[in-house]
**Student:** 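Before anything else, here's the structure in question.
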Amino acid sequence: QVHLQESGPGLVKPSETLSLTCTVSGYSMSTYYWSWIRQPPGKGLEWIGNIYYSGSTDYNPSLKSRVTISVDTSKSQFSLRLNSVTATDTAVYFCARDRSTGWHDYWGQGTLVIVSS
Amino acid sequence: DIQLTQSPSSLSASVGDRVTITCRASQTIKSHLHWYQQRSGTAPKLLIYAASSLQSGVPSRFSGSGSGTGFTLTINNLQPEDFATYYCQQTFSTPRTFGQGTKVEIK
């Protein structure tokens, strides 16, 4: 059974960098893509971007200038960095595994990140 | 970006009812359309992938259909645990986008 767990600070100051890590257990990261998705409180889902186990990435153009996703298969982890955050980046951040043409079959439980001074 | 429009945005239904949710894409996405269920305070759960394939472990009362620009999620014999918000997602092109969600509430 694949298990994903997000970790990182729950509070980030405006203009600083949001950093989260997703730890994958129960399955190898090899041959899969891995995504970050977020959900502002009370709102819908937004795909942030994904990374292949080998390191190639694809980002949402609306966030591309501020986002970096990286992977460390030796630790079974992939990470999200979002810089120059504002209050609009306040959201629950989910990590997920991608299958085939892109659907997400396993999700982490999500972690709430609040941007506030 | 490809826009996905779900209808209705919310609905009230009773246990045992049949519920239909529609997702319309702003351009053709072939069959690259997937459905998720999200209960309050939890992560989304994959129900249907590639428009009509039932994810392993998901009850057969859930079904999906459609291709191109029009898609449907049907829930037969609605159960108490089905009251949740449902999202469609397209993965035909970047950025992947989600519909705005349909909240299924108890009548």
Side-chain angles (χ1 to χ4, degrees), chain A residues 1-7 20 22-24 27 32-52 56-67 69 82 91-113, chain B residues 1-10 21 23 25 28-58 62 64 66-67 71 73 84-103:
Chain A
Q1 180 78 350
V2 182
H3 182 73
L4 293 87
Q5 179 69 58
E6 305 88 350
S7 59
L20 296 174
C22 181
T23 301
V24 179
Y27 213 89
Y32 288 99
Y33 287 86
W34 304 87
S35 279
W36 286 99
I37 298 141
R38 70 179 182 179
Q39 185 172 38
K43 296 189 178 181
L45 299 160
E46 179 181 35
W47 180 77
I48 299 170
N50 71 359
I51 190 164
Y52 195 42
S56 62
T57 55
D58 187 18
Y59 298 137
N60 190 322
S62 69
L63 297 168
K64 190 172 184 176
S65 63
R66 300 194 291 131
V67 170
I69 298 175
L82 179 66
V92 175
Y93 286 76
F94 298 99
C95 58
R97 187 178 80 168
D98 296 4
R99 291 301 306 274
S100 188
T101 58
W103 61 85
H104 312 296
D105 62 345
Y106 287 98
W107 295 65
Q109 66 185 26
T111 187
L112 174 62
V113 179
Chain B
D1 298 5
I2 294 175
Q3 308 300 319
L4 296 179
T5 303
Q6 291 182 230
S7 61
S9 294
S10 64
I21 300 169
C23 179
T28 182
I29 55 173
K30 297 187 178 182
S31 294
H32 298 274
L33 189 284
H34 323 296
W35 292 97
Y36 301 87
Q37 175 194 67
Q38 187 177 33
R39 299 188 180 110
S40 180
T42 69
K45 171 188 174 183
L46 177 68
L47 299 175
I48 302 286
Y49 62 91
S52 60
S53 295
L54 188 68
Q55 171 69 357
S56 176
V58 173
F62 292 91
S67 66
F71 302 86
L73 173 70
T85 300
Y86 294 83
Y87 293 93
C88 57
Q89 180 201 28
Q90 67 82 21
T91 57
F92 180 74
S93 67
T94 290
R96 304 172 187 186
T97 49
F98 291 87
Q100 83 279 16
T102 296
K103 188 172 184 178

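Sequence lines set the chain letters: A, B, ... in the order given, protein chains first and strands last, and positions in each chain run from 1. These numbers come from a predicted model, not from an experiment.
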**Student:** Calculate, to the nearest 0.5 Å, the distance between atoms NE2 and CZ belonging to B:His34 and A:Arg99 respectively.
**Tutor:**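 Between atom NE2 of B:His34 and atom CZ of A:Arg99 there are 12.0 Å.
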**Student:** Heavy-atom distance under 4.5 Å to chain A: side chain of B:Gln90, backbone, both or neither?
**Tutor:**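 Nothing of B:Gln90, per the 4.5 Å heavy-atom cut-off to chain A.
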**Student:** Could you name each residue pair satisfying salt bridge (Lys or Arg N to Asp or Glu O under 4.0 Å) that touches residues 85-94 of chain B, not counting sequence neighbours?
**Tutor:**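 Pairs touching residues 85-94 of chain B that pass the test: none.
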**Student:** Heavy-atom pairs under 4.5 Å with chain A: which of B:Pro44, B:Ala43, B:Gly41, B:Ala50 has the most?
**Tutor:**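 Counting heavy-atom pairs under 4.5 Å, the top option is B:Pro44.
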**Student:** Any side-chain hydrogen bond (donor to acceptor under 3.5 Å, both in side chains) pairs touching residues 41-52 of chain A, not counting sequence neighbours?
**Tutor:**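 Found A:Ser35-A:Trp47, A:Arg38-A:Glu46, A:Asn50-A:Asp98.
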**Student:** Would you please go through residues 92-99 of chain B and name the residues with a non-hydrogen atom below 4.5 Å from one of chain A, in numerical order?
**Tutor:**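 Checking residues 92-99 of chain B against chain A gives B:Thr94, B:Pro95, B:Arg96, B:Phe98.
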**Student:** Does any heavy atom of chain B fall under 4.5 Å from the side chain of A:Tyr106, the backbone, both, or neither of them?
**Tutor:**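 Contact with chain B: none, neither part.
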**Student:** Under 4.5 Å, counting heavy-atom pairs only, tell me which of A:Gly110, A:Gly102, A:Gly44 racks up the most with chain B.
**Tutor:**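 Between A:Gly110, A:Gly102, A:Gly44, the count favours A:Gly102.
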**Student:** Provide the full list of salt bridge (Lys or Arg N to Asp or Glu O under 4.0 Å) pairs with a residue in residues 44-55 of chain B, sequence neighbours left out, each pair given once.
**Tutor:**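 Residue pairs with at least one partner in residues 44-55 of chain B: there are none.
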**Student:** Under the criterion side-chain contact (heavy atoms from CB on, under 4.5 Å), I'd like the reasoning laid out for B:Gln38 against A:Trp107: C-alpha separation, chi angles, the key distance, then a yes or no.
**Tutor:** CA-CA 11 Å; B:Gln38 187 177 33; A:Trp107 295 65; over 6 Å; no
**Student:** Any donor and acceptor pair, going by atom type alone, linking the side chain of B:Tyr36 with main-chain N or O of A:His104 inside 3.5 Å?
**Tutor:**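 Checked: pair present.
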**Student:** For the CG atom of B:Leu47 and the CH2 atom of A:Trp103, what is their distance to the nearest 0.5 Å?
**Tutor:**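 Rounded to the nearest 0.5 Å, the CG-CH2 separation comes out at 14.0 Å.
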**Student:** Using non-hydrogen atoms only, which part of A:Ile37 is less than 4.5 Å away from chain B: side chain, backbone, both, or neither?
**Tutor:**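 Interface part for A:Ile37: side chain.
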**Student:** Can you tell which part of A:Asn60 gets under 4.5 Å to a heavy atom of chain B, answering side chain, backbone, both or neither?
**Tutor:**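 Backbone plus side chain of A:Asn60, per the 4.5 Å heavy-atom cut-off to chain B.
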